[in-house]
Each structure stands twice: as structure tokens, then as C-alpha cells.
Amino acid sequence: MAVSIPRSRPLTVLVLVLLGALFGATAFLDSVHHEVRTTRARDHLDHGRERATRDDLVGAVREYRAALSLEREHPEAARALALTLLSLGRLSEAESYLGELLRRDPADGALNRGLARIHAARDRQYEARSSYQRAIYGEWPGDALADRVDTRFELIDYLTRLDAREEILAELLRVKSELPAGQTVAARRVADLLARHGAPELAIDTLDSAATNAPRDVELLGQLADLQMTTGRSADARGTLRRALAVQPSATDLRERLTVIERVLTLDPTLPGLRLVTRTRRARVVLSAVMEQTRACREHAGAPPGLADTRDEAARRLRRPARADAEAAEEELALASRIWSASAACHGSDAEALAIAQVLQRVEALTEPSA
Amino acid sequence: MNRPTILPLPRRPRVTETQRFLLLSIAIGLFAGLLVVSFHFAIDLVSWFSLGTPVGGSRAATLLAPMLGGGFAAMFVMLLFREAAGSGLVHTKAALYISNGYVPFRTVVAKFVACATAIGTGNSLGPEDPALQMGAGVASWLGRAFSLPREHLRLIVPVGAAAGIAAAFNTPITAVLFVMEEVIGSWTASVLGSIVLASVSAVVVARWFLGNEPLFRVPAFELTHPSELALYALVGIVGGLVGTAFVRGLGVLRGRLTDSPRRMRLMQPFAAGAAVGLVGLFLPQVMGAGYGSIDSALHDEFSWRLLLMLGIAKMLVTALCFAAGTPGGMFAPTLFVGAMIGGSIGTLAQFYWPFASSPPSAYVLVGMGTFFAAVFRAPMTSVFMVFEVSASYVIILPVMVANFVAYLLARKLSPITFFDMVAAQDGLQLPSHERQRDAPTLRVEDAMRVAPDPAAVPGAARADGPLAPVLHPDQSLDTALRMFGRHRVLTVVSREDVTRVLGTLKLDDVLRAYGIADTESR
């Protein structure tokens with residue numbers, strides 16, 4: 001293009017001066033704009049936080065939005081808005097903000113957990129798992145460990161809903177290995193979950209370790225004793241309960257549980273190391289105790305058919321002289337189990353009844369695999 | 001003794017006139033960029049101090065600010081700066097085609113003050129059209145300052161317009177396309193370089209102050225199912241229908257309001273502002289340009305009902321403001337309406353579409369483009385605008401489908417475009433670029449006489465050189481006309497083989513093709 005532009009140095013200088021002046025004026029406006037904008041945005045953010053502490057989440061959202069309308073890149077306002085929207089159950093909106101924030105800071109633990117909750121609510125299983133994992137290994141302000149453990153438990157709850165047992169156990173093992181000393185509440189929760197998902201030995205191990213660091217935690221010792229009982233480690237359970245009672249002698253429930261365990265230890269024919277004679281004798285004692293406990297059921301109106309015959313057979317056996325015979329002992333225990341389960345409606349709740357129940361449970365647990 | 005060699009001093013590089021013009025384009029871009037950034041700040045500050053934050057927080061301010069702000073801004077323009085009233089694009093085109101590129105500088109000042117007041121106080125209009133006119137005004141002023149000749153002053157106006165719109169939208173490509181599509185109406189290589197340079201320098205300034213972020217933050221999404229393109233086409237159909245209806249309605253309303261007595265004309269912006277305030281009490285999102293609300297729609301903040309209500313309400317208040325003569329532009333409200341309509345369709349699709357569908361934010365973006373395409377009839381601009389304001393390439397395919405559906409439908413339904421309608425109502429006879437684009441081009445092949453035997457053609461080209469300039473069948477008759485001079489007959493040769501004569505063309509043939517020759521003279 002051939003355009004004739006007259007050359008004029010003063011004019012060029014004047015234009016440059018005007019350009020500079022306009023730049024200065026714009027910069028001045030920019031500073032005023034920035035000052036007003038940031039001050040107002042900060043005010044709205046503070047008001048939003050205030051409202052959130054008063055549980056006025058809708059009001060908080062309004063304030064956070066106002067802050068973002070002034071400063072759309074305000075990370076604190078965007079973060080607060082996303083998490084408050086999530087609390088309000090406005091998942092679509094929360095998801096869009098979380099996605100945006102995570103693009104800027106993919107390692108943020110709280111944001112990843114928020115997104116994981118949305119994925120979980122929308123049944124996006126793969127995404128939920130990934131987001132939970134990113135949250136667990138992400139960055140958390142303040143007490144990161146507690147947040148990570150909480151997130152891990154949340155993931156386990158989610159996996160429980162999905163019935164993903166292997167993944168649950170894997171997560172529990174991770175949290176068990178990551179738990180630092182002194183986290184007794186978390187350790188108890190891990191143990192409880194491990195026991196519920198079929199790993200009672202690992203649960204006992206977890207509680208044992210925790211009890212080493214917190215020897216005066218009576219609740220923890222009580223939970224450990226229960227687990228030891230359910231796995232047949234009655235003697236260990238008795239030791240644990242004695243330790244707990246030494247710490248808190250006035251704990252009546254512990255004392256009652258100890259009474260039950262001590263009775264179990266005198267009744268249980270399955271305890272390891274017993275001689276055949278002792279096992280046979282204990283089987284007979286169990287049958288006799290069952291007969292005694294269910295005596296009232298004999299005349300019970302709702303007694304199941306056949307109970308009377310079974311009881312008669314048991315009475316006949318008890319009248320016979322005792323023999324050191326493993327087969328006879330098993331038969332007697334089987335009879336005791338049948339009578340006990342047939343007369344479930346009239347079991348007592350005293351220490352004797354609880355002890356019998358635990359012994360028979362143990363017997364059934366041991367005989368089931370062979371069956 | 002050898003004499004020492006004296007090296008010649010390097011000569012000052014000589015700046016050619018073309019380079020000088022390009023430098024002037026950069027200066028225009030910088031000036032326009034700074035002005036538009038200041039304009040942006042001014043609108044925000046007026047809004048924060050008149051309406052408060054968030055908008056709609058104070059009922060009294062919501063009701064009174066648009067009425068007083070819009071009313072006084074319009075009065076200021078109508079009484080003192082008449083040349084700053086109405087559409088900035090129409091005035092820029094008028095400057096280009098009527099007043100040889102002359103845009104008085106006072107227009108820039110008036111547009112700045114009036115539009116910042118009107119838009120800042122919540123009137124439902126946008127800042128881009130005024131920015132375009134301010135850019136054109138700055139360019140014209142600089143052109144006059146450098147005493148550019150008249151024909152070159154005309155060239156510089158679109159350069160400034162592009163810079164203004166580029167800085168306002170933070171979209172350099174869209175600005176270039178829009179000016180080419182709507183202001184100049186053709187792809188003229190002579191100013192393309194200047195327009196590009198001015199746009200880029202304006203955007204650089206805008207980004208220096210406002211940051212590199214695109215106009216809208218778009219959540220990540222993808223086209224989940226190919227069948228969704230049908231849904232996007234539906235968005236295009238709705239956008240095309242509603243856009244056409246909007247332009248027609250606006251035309252009728254503006255025509256009636258413009259015909260009213262002068263005293264009434266002065267009161268109309270107050271009434272329009274009052275209407276905005278009333279609607280704003282219930283739907284504060286419709287106030288001002290509405291970019292914040294588009295951002296909210298992109299983040300799924302609104303239900304489909306609210307989206308629809310916002311779209312309808314915005315159309316009403318925008319039509320009222322624009323028809324009443326409140327200073328401000330139509331681009332932002334158009335994007336708003338399209339976004340809300342698209343968003344409502346997208347939200348409904350999530351419930352009722354049998355296949356997987358993208359999140360509503362995708363439809364918000366697509367909707368924006370469709371309404372823009374239908375109202376302004378600038379299809380390429382609308383596609384690139386959505387692409388640039390969202391910085392999302394994923395959206396390009398749905399946007400292309402939907403925008404062209406909307407554009408074609410709007411063309412079919414209404415022969416006149418928005419800007420042509422406004423220009424006609426303002427009594428200006430400006431060229432319609434859409435009609436120009438549609439006008440068939442007469443070519444040499446339409447008028448030439450086919451040669452049965454190349455050897456028999458007098459003056460035909462031969463391998464040893466043509467006797468007269470030659471033409472090709474695909475060349476326009478305008479080109480052919482310029483080549484008649486001393487020659488009465490021109491030879492039409494093949495492009496594949498210049499020695500192959502296809503026919504001849506006489507001046508009479510050309511005139512007959514244009515329908516102005518006496519058939520007897522044949």
C-alpha cells in the first residue's frame with residue numbers, strides 16, 4: 001500500500017506524549033479499580049465466611065459469588081464457594097467450580113475430596129476412586145494426617161457401599177501402616193472395619209499396637225478383648241480385661257465380661273492343649289449347662305417340634321457314664337447346639353447363658369469347615 | 001604507506017510509506033486498547049458505586065440507577081453529541097462510506113462518558129459497539145493529525161474499529177473477521193495487515209491491564225455422543241427463530257419510538273431505565289452487559305426455567321433500552337440471550353435426551369454464537385467469537401453446526417440484517433455487505449463467444465505470443481472491462497494451456513451481459 005504520510009517529528013513526539021499520558025491515566029484508573037475491587041471482594045469473602053459459621057450457607061454462597069463477580073480469579077472465594085455449594089448439595093455447580101480450581105491446583109486434597117464426593121453421588125465409580133486417591137495423597141493445610149485418614153475412611157465407606165471387599169482391605173492395610181502412634185480412635189475404627197471385613201487377626205494386631213501406646217485406654221482394651229474372644233483367644237481376652245480392670249476397677253461392664261470369659265474358659269472344650277478326657281468332660285458339662293439353661297423351654301408353648309425328643313436324648317446321654325471318647329463328645333456338643341438353637345426364645349442373659357452361647361458359637365465355627 | 005581504510009557509517013534505515021502506515025496502525029491499536037481498557041474500568045467503577053455489589057443488593061439503587069444513569073446519559077448524547085447516538089457500527093460504516101473516514105474526536109469522548117454511565121448504572125446494553133466506534137474515532141483523529149489524504153483516511157477507520165472491538169472482547173481474530181465481514185464487507189489485502197496489527201496491539205494492551213484469561217471461564221467438557229450434533233442444530237434453529245423475531249420486534253419498537261416527538265424521545269431512556277430497574281428487582285442478572293451472569297450460566301448456576309426467563313427478560317429490556325436511544329451496544333446482550341436460550345435447551349437435554357449429552361455449559365456457549373449469528377448475520381465472526389471468548393477448541397464443531405443453521409434460517413426468514421435495519425431507520429443508505437456477498441458475479445464465460453475453431457479466431461493467442469491481452473473464462477467481467485483499451489476484441493484462453501483458444505470477448509458482449517447494450521448493435 002502506498003500511503004503518503006507526512007513526516008513530522010514534532011507530531012510524532014506529540015502522539016507519543018499523548019500515548020504516554022493515556023497510559024498513565026489508564027494505569028491510574030487501573031489502580032483505583034484494583035483497590036476498590038480487592039477491598040470489596042475481601043469484604044464479601046469475610047461476610048461469606050461469617051455466614052457460613054452461622055450455618056447460613058445460602059447467604060454464604062451469595063457473598064462468595066459477589067466476591068467472585070468482582071475478582072473472578074479469587075482462589076479463596078472460588079474454593080469456599082465450591083465447597084459450600086457441595087455442602088448444599090448443588091453438585092453440578094460445585095463440580096464446575098471444583099473442576100476449574102483443580103485445573104489450577106490439581107494436588108489440593110480438599111478439592112479432590114469434594115470432587116470425589118460428587119463422582120460418588122453420581123455413581124462414577126472409577127472417577128470417584130481416582131479423586132479419593134488424589135485427595136489422600138494431595139496437599140492439605142494444617143493437620144494433613146488427620147484429613148488424609150478421614151478421607152481414607154470416607155473412601156472405605158464408599159467402597160463398602162460398592163461391596164469391594166479386597167479394595168477395602170487394601171485401604172485398611174494402608175491406613176493401618178500409615179497410622180502414627182497415639183491415633184487410638186482411628187486405630188479402633190480400622191480394627192472394627194478389619195474385623196467386619198473378615199480380617200479379625202489383623203484387627204487384633206492393630207489394637208494390640210495401639211494398646212502398647214495407650215495402655216490406659218479402657219475402651220480400646222475392651223474392644224481388643226471382644227475381638228480376642230470372637231477369635232477364640234479367650235485366655236488373651238481374660239488378660240486384656242484384667243489389664244483394663246486394673247486401670248478402671250469400677251468398670252462393671254468389664255467385670256461382667258470378665259466373668260463371662262472366665263466361665264467360657266472353664267466350659268470351652270475346644271481350647272487348644274486340652275486332653276481328650278478334659279474335652280469329653282467339658283462337652284458333657286456344656287450339654288448339662290444347656291439342659292439347665294433351657295429347662296423352662298420344655299413346657300414353652302411355642303417350643304419347636306422335636307425339642308422334647310432332643311432333650312430326652314440328651315438326658316439319656318447325661319445319665320450314661322462318661323467316657324473319654326472324641327466321637328461321643330462331638331455328639332454331645334452337637335446335641336447341645338441343637339437344643340440351644342431350638343430354644344433361642346428362652347435363653348437367659350446372665351453370664352452363664354452368654355458363656356454357653358460363646359462356647360457353642362466357637363464349636364460351630366470349628367466344625368463348620370469340616371462339614 | 002597504506003592509507004587507513006575508513007569504514008562508511010551505517011546509514012539510517014529508510015522507512016517506507018507502507019511501513020509508516022503499519023506503524024500508525026500499531027499506534028492506533030495502542031490508543032484504542034488503552035481507551036477501551038479505561039472504558040472497561042469506568043463501567044465497573046460506575047456500576048460498583050451506583051448499584052453496589054452484588055448487583056441487586058440494594059432495591060433503591062436497582063430501581064433508580066438505571067433510570068437516572070440511562071436517562072441522563074441519553075440526554076447528554078441527544079442534546080450535546082448527536083453523532084454519538086445510536087449504533088457505533090452504523091456510524092463507523094457511515095464514516096467509511098459517507099464522510100470519507102471522518103469521525104469527530106468529540107464522539108469518542110461522548111461515547112466514553114455516556115456509555116460508561118448508561119451501562120455502568122445497569123442499562124441492558126454492552127460496551128463492545130461503543131468500543132468499536134471509539135477505536136474508529138481514535139484512528140480517524142490520528143489519521144487527520146498526520147494529514148492523511150482523504151482516500152487513506154477512509155482506510156484507517158476500519159483499522160481503529162478492529163482495534164476497539166479486539167480490546168473490548170479480548171479477541172483479535174474475531175475483531176479482524178468482524179471488521180472484514182461487517183465494516184468493509186470484503187477481504188481487502190491492502191488493509192488486512194494494518195487491521196491485524198492494530199487488533200493485536202490493542203489486545204496486548206488489554207491483556208497487560210486485564211490479564212490473559214479469556215472473557216469466560218469454561219468448565220472442561222467434551223462432545224459425548226455424535227447424535228448431540230442434532231441437539232446443537234436444534235439450538236441453532238431456536239437461535240435463528242428467536243434472533244429473527246428479536247430483530248423484527250426491535251425494528252418495530254425502534255421505528256415507533258424514533259417517530260415520537262422530541263420531548264417524548266428525551267423521556268424514553270428514563271422509562272427504559274425504569275423498566276430495567278423494575279425487572280432488575282426480580283432478575284438482577286439482566287442488568288448491565290451481563291457477562292457475570294453468562295459466567296454463572298456456564299457454571300450451572302441456573303435452572304432451565306430461570307435461564308429461559310433471563311433470556312426473555314433480557315430481550316425485552318435490551319430492546320427497550322436500544323430502541324429508546326440509551327447509549328450502548330448490542331453485542332453483549334445478544335451473547336447473553338443466546339447463552340440463556342442455549343443453556344435452557346442444554347439443561348433440558350440432560351433430562352430428556354436419550355443419549356449422553358454434554359453439560360449445559362456447552363449449550364450456553366453454542367447458544368451465544370447462534371443468537372449472534374442470527375442477529376448480526378456474521379457467521380464466521382460468530383464461530384470465532386465463541387472460540388476466542390471461551391478459549392475452548394472442543395466447542396468448535398457444535399458451534400459451526402449451530403451457527404450456520406441459525407444464520408441460514410435467519411437469512412431465509414428476514415431479508416434485512418440488524419445493522420442494515422438500524423441504518424435505514426437512521427436515514428442512512430449504507431451498503432449491505434450481506435447483499436453484496438450474495439450478488440452473483442458475472443464472469444467472462446457468461447459473455448464470451450465460444451470459438452468453434454481456434455484458428456479462425458482473429459487476433460487469437462498463439463504459442464509465439466498473444467497479440468492482445470488474454471482472459472480466462474473464470475475472470476470477472478469487471479476485470480475484462482479494465483482490459484479493453486485499444487483492443488476491441490479480447491481472446492479467452494484456457495488456464496491449462498494458454499495456446500488453446502476458448503473464445504473471444506467484445507465490449508458489446510460485456511455490455512449485453514450487464515443488460516445495458518442495445519441488442520440490435522450485435
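Only heavy atoms go into these numbers, but all of them, side chains included; no hydrogens, no water, no symmetry mates. Convention: sequence-line order gives letters A, B, ...; per-chain numbering from 1.
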For the pair A:R196 and A:D192, find out whether any cationic side-chain nitrogen is under 4.0 Å from an anionic carboxylate oxygen.
yes

Taking side chain as everything from C-beta outward and backbone as N, CA, C, O, which of these in A:L18 sits under 4.5 Å from a heavy atom of chain B? Side chain, backbone, both or neither.
both

A:R103 versus chain B, heavy atoms under 4.5 Å apart: side chain, backbone, both or neither?
side chain

Whether A:R40 engages the ring of B:F49 as a cation-pi pair (distance to the six-membered ring centre under 6.0 angstrom, angle to the ring normal within 45°) should be assessed.
yes

Choice from B:P214, B:G143, B:G33 maximising heavy atom contacts with chain A below 4.5 Å:
B:P214

Does the ring center of A:H44 lie less than 6.0 Å from the ring center of A:Y64?
no

Using non-hydrogen atoms only, which part of A:E73 is less than 4.5 Å away from chain B: side chain, backbone, both, or neither?
side chain

Before we go on, tell me: are the rings of B:F209 and A:F23 under 6.0 Å apart, centre to centre?
yes

I'd like to know if the side chain of A:H119 pairs up with that of A:Q125 as donor and acceptor (distance under 3.5 Å, no hydrogens or angles considered).
no

Measure distances from B:L210 to the heavy atoms of chain A and classify the residue's part below 4.5 Å as side chain, backbone, both or neither.
neither

Honestly, the part of A:S69 sitting under 4.5 Å from a heavy atom of chain B is neither

Partner chain A: residue of B:L298, B:V37, B:L45 with the largest heavy-atom pair count (under 4.5 Å)
B:L45

Any side-chain donor paired with an acceptor under 3.5 Å for A:T151 and A:R134?
no

Portion of A:A94 that has a non-hydrogen atom of chain B nearer than 4.5 angstrom:
neither

